[in-house]
Amino acid sequence: MTTAPILRINELTKSFGGVMAVNDVTFDVAPGAIVGLIGPNGAGKTTVFNLITGNYRPDKGHIVFHGQSIVHLRTNKIVSLGIARTFQTIRLFQNMSVLENVLAGCHCRMQSGVLGAMFRLPGQKQEERRALQTAVEELDFVGLKAHLDLAARNLSYGNQRLLEIARALATKPRFLVLDEPAGGMNDNETQALVRLIVQIRDRGITVLLIEHDMNLVMRICEKLVVLEYGMMIAQGTPEEIQKDQRVIDAYLGVAEAEDEVF
């Protein structure tokens with residue numbers, strides 16, 4: 001029996017002032033997979049992420065998540081459906097504590113309204129206890145529990161990346177979008193990140209990531225989608241992509257041996 005894709009993108013197109021950032025891109029993501037979206041700088045990768053998460057709306061095309069179109073939904077609704085993300089440029093509340101940053105991610109799952117918060121009703125208190133437990137668990141999961149009282153700005157760059165992941169996981173996603181999660185990390189931090197992403201997948205969360213570290217991509221991704229100038233030029237397994245001359249040319253601009261690209 002064939003399992004339906006968790007995410008289906010079809011003929012996705014987006015332009016900015018006449019510049020075609022994403023042009024007729026089509027690909028699927030299977031549930032429980034780790035999929036890499038790769039390509040040279042300016043290929044349109046982050047634009048695709050922004051379209052998936054509702055930061056932009058496409059000029060044309062479809063984005064279907066778990067059988068539901070999400071192209072006209074607001075970002076908060078997309079999060080509530082189970083899509084969470086991190087950003088290429090870290091976006092944390094720098095003056096808030098590590099714990100408070102993750103608690104912010106829990107907010108989308110809380111049901112108590114304004115009156116509950118004003119009068120500290122039992123339901124509100126119970127939700128706050130659950131949110132606190134979730135936040136601590138996610139910090140423990142990414143290895144930051146010992147730093148929960150520290151201001152986010154005082155974390156190392158690599159740990160700030162992990163904090164963003166913890167905050168995204170606190171939204172209880174089914175689909176996690178990671179935009180260059182290894183950016184700025186040293187070798188040891190990158191190795192730990194590889195293990196973390198696999199552990200996230202093992203929790204039943206599908207992962208779509210942009211990453212320029214080809215060693216990381218080749219180690220953990222089951223499928224790669226390659227963009228160039230906003231267009232998809234290849235998709236397939238890492239082994240297939242390594243041998244694809246279009247991909248080699250896109251990265252180097254000339255035909256070179258595959259071991260020089262990857």
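The residues of the chain are indexed from 1 along the displayed sequence.
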Could you list the residues that satisfy side chain to side chain contact (heavy atoms under 4.5 Å, CB included) with [X], not counting sequence neighbours?
{"X": "R74", "result": "N76"}
{"X": "A166", "result": "V102, E138, L139, V142"}
{"X": "S156", "result": "N159, E189"}

Pairwise distance [atom1]([X]) to [atom2]([Y]) - rounded to 0.5 angstrom:
{"X": "L193", "Y": "L162", "atom1": "CG", "atom2": "CG", "result": "7.0 Å"}
{"X": "D149", "Y": "S97", "atom1": "CG", "atom2": "OG", "result": "6.5 Å"}
{"X": "I70", "Y": "K77", "atom1": "CD1", "atom2": "NZ", "result": "11.5 Å"}
{"X": "L92", "Y": "E100", "atom1": "CG", "atom2": "CD", "result": "12.5 Å"}
{"X": "L148", "Y": "L144", "atom1": "CG", "atom2": "CG", "result": "9.5 Å"}
{"X": "I210", "Y": "I38", "atom1": "CD1", "atom2": "CD1", "result": "11.0 Å"}

[X] side chain near [Y] side chain, heavy-atom distance below 4.5 Å:
{"X": "L227", "Y": "L37", "value": "yes"}
{"X": "F175", "Y": "V207", "value": "no"}
{"X": "R8", "Y": "V29", "value": "no"}
{"X": "Y157", "Y": "I90", "value": "yes"}
{"X": "T206", "Y": "L176", "value": "no"}
{"X": "L224", "Y": "E240", "value": "no"}
{"X": "L155", "Y": "L150", "value": "yes"}
{"X": "L208", "Y": "V225", "value": "no"}

So, [X] versus [Y]: side-chain donor-acceptor pair below 3.5 Å or not?
{"X": "H66", "Y": "R174", "value": "yes"}
{"X": "N50", "Y": "R57", "value": "no"}
{"X": "R91", "Y": "Q160", "value": "no"}
{"X": "D179", "Y": "T86", "value": "no"}
{"X": "Q191", "Y": "D187", "value": "no"}

> Got a salt bridge between E211 and K45, using NZ or NE/NH1/NH2 to carboxylate O under 4.0 Å?
Replying inline: no
> Can you name the residues that form a side chain to side chain donor-acceptor pair (under 3.5 Å) with N41, not counting sequence neighbours?
Replying inline: H212
>> Run the side chain to side chain donor-acceptor pair (under 3.5 Å) test against E228 and tell me which residues pass, sequence neighbours left out.
In response: none
Can you give me the closest heavy-atom contact between [X] and [Y], atom names plus distance?
{"X": "A4", "Y": "P31", "result": "O-CD, 3.3 Å"}
{"X": "N101", "Y": "A152", "result": "ND2-CB, 3.6 Å"}
{"X": "G61", "Y": "P58", "result": "O-CG, 4.5 Å"}
{"X": "M218", "Y": "P238", "result": "SD-CB, 3.4 Å"}
{"X": "A168", "Y": "P173", "result": "O-CD, 3.5 Å"}
{"X": "G36", "Y": "C221", "result": "N-SG, 3.5 Å"}

Quick one: do [X] and [Y] end up in the same hydrophobic cluster if we chain Ile, Leu, Val, Met, Phe, Trp and Tyr together by side-chain heavy atoms under 4.5 Å apart?
{"X": "M96", "Y": "V98", "answer": "no"}
{"X": "L73", "Y": "I6", "answer": "yes"}
{"X": "V64", "Y": "L12", "answer": "no"}
{"X": "V71", "Y": "I83", "answer": "yes"}
{"X": "V217", "Y": "V198", "answer": "yes"}

> Restricting to pairs with a member in residues 12-51, which pass ring-ring contact (aromatic ring centres under 6.0 Å, His included), not counting sequence neighbours?
Replying inline: F16-Y56
>> Given 3.5 Å as the limit, does a donor-acceptor pair link the side chain of R85 with the main chain of V177, or not?
In response: no
>> For F141, does the six-membered ring have the charged nitrogen or CZ of R203 within the cation-pi criterion, i.e. under 6.0 angstrom from the centroid and within 45° of the normal?
In response: yes
> Passes side chain to side chain donor-acceptor pair (under 3.5 Å), D59 versus S15? Steps please.
Replying inline: CA-CA 7 Å; D59 299 329; S15 62; 3.1 Å; yes
> If you draw a 6.0 Å radius around OH in Y229, do more than 12 non-hydrogen atoms from other residues or ligands fall strictly inside?
Replying inline: no
